[in-house]
Chemist: 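Have a look at this one before I ask anything.
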Amino acid sequence: MELVCPAGSLPAFKAALNAGANAIYVGFKDDTNARHFTGLNFNDRQAQKALALARDSGVKLYVAINTYPQPTGWSRWQAAVDRAVELGADALIIADMGLMTYVKEKYPQQNIHLSVQGSSTNAASLKFYKEEFDIKRAVLPRVLATKQVEQLCEKSPVDLEVFGFGSLCIMVEGRCVLSSYITGESPNTCGVCSPAKHVRWEESANSRRSRLNNVLIDEYQHKENASYPTLCKGRFKVDENTYHALEQPTSLSTLEIIPQLARMGIKAIKIEGRQRSPAYVEQVVRVWREALDAFKQNGERFSVSPQWLEQLDKVSEGQQTSLGPYSRPWQ
Ligand code: SF4
């Protein structure tokens, strides 16, 4: 299975490369991708440098243009496609059908991968994207159980990629408007959940509070690790109890089901985190490289090393990992 890794900067790109990525995905410095944070992403010169590094190492470069074009910005999304094709990207990761139409009409030879933001969760939908836009691969949302992924693998007319490690969203990707509810901006339209300009930290003698557009998201005692405030992972007062009412911070990790995913026919594993540091990328990619190599060598005798878990726990949200919706023992 191809190991597809994130890079939000050239140092992160090099880290992914050195740690053993098979493919690396990047975005441009604007709202055409779903990690539009200040200081992140690539200008043309950096993208060319990244491509040269990738070519030298036999690694693929994908460009994410996976937000939904807004009425006032269509030319920006077209320009992002033009730049990525001119760069020589191995594939464009796209969610919007209008943008796919633009690619197919202007660049019929260009590979397209359906972004997770496209929220394709059934075989009929995958067939539609294949027939209409000749997509080569689809990235499945992180809301499917392993049984559902297996059923899709049996019927899918295109290669399938699933998430292996990273933040867990509780919503179906491409359909979350929680951030927009408070800030007017969401990942799907503006490329960012919880825009930094709306984030405020307040220090007091006993605690640290995080706010998003003035709404209190969480309050931490001084010894507690504080997380970047997203609405879904805040602690809220419900009746008389204050807790993570929507979702507890946890990272997805599917190391233990690598053999199962391979048996199903999954072609690629994606690591989430273009917003993460080079050190994070290096750590996670290195563990996953070791795990996939160990699986290749040992096949069904593959087992998860305690050291891998220990290393991943250190960089996980809430210092804990989960199989997320992949595991539904009650079904
Ligand atoms: S609010 Fe939460 S579920 Fe929605 S996009 Fe942001 S992190 Fe994901």
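As the structure lists them, so they are numbered: ligands from 1, and atoms in each ligand from 1.
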Chemist: Do V284 and Q311 have side-chain heavy atoms sitting under 4.5 Å apart?
Modeler: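 With C-beta onward as the side chain, the pair stays apart.
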
Chemist: Show your reasoning for whether salt bridge (Lys or Arg N to Asp or Glu O under 4.0 Å) applies to R35 and E272.
Modeler: CA-CA 11 Å; R35 292 289 184 274; E272 184 270 351; 2.7 Å; yes

Chemist: Is it true that R211 and E202 make a salt bridge, defined as a side-chain N closer than 4.0 Å to a carboxylate O?
Modeler: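 A salt bridge is present here (some side-chain N lies under 4.0 Å from a carboxylate O).
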
Chemist: Considering only protein heavy atoms, which is closest to atom 6 (Fe) of ligand 1, and at what distance to one decimal place?
Modeler: C193 SG, 2.3 Å

Chemist: Return the closest protein heavy atom for atom 8 (Fe) of ligand 1 as residue, atom name and distance.
Modeler: C169 SG, 2.3 Å

Chemist: Counting each atom of ligand 1 from 1 as listed, which ones have a heavy atom of P187 under 4.0 Å away?
Modeler: 5 (S)

Chemist: Starting from atom 2 (Fe) of ligand 1, locate the nearest protein heavy atom and write down its residue, its atom name and how far away it is, to 0.1 Å.
Modeler: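 Answer for atom 2 (Fe) of ligand 1: C232 SG, 2.4 Å.
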
Chemist: How about K197 and E185: do any of their side-chain heavy atoms sit closer than 4.5 Å?
Modeler: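 Counting from C-beta outward, K197 and E185 do come under 4.5 Å.
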
Chemist: Could you list the atoms of ligand 1 found under 4.0 angstrom from a heavy atom of C176?
Modeler: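 Here the atoms of ligand 1 in question are 1 (S), 3 (S), 4 (Fe), 5 (S).
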
Chemist: Is it the case that the side chains of R289 and N22 hold a donor-acceptor pair, with the cut-off being a distance below 3.5 Å and no angle test?
Modeler: yes

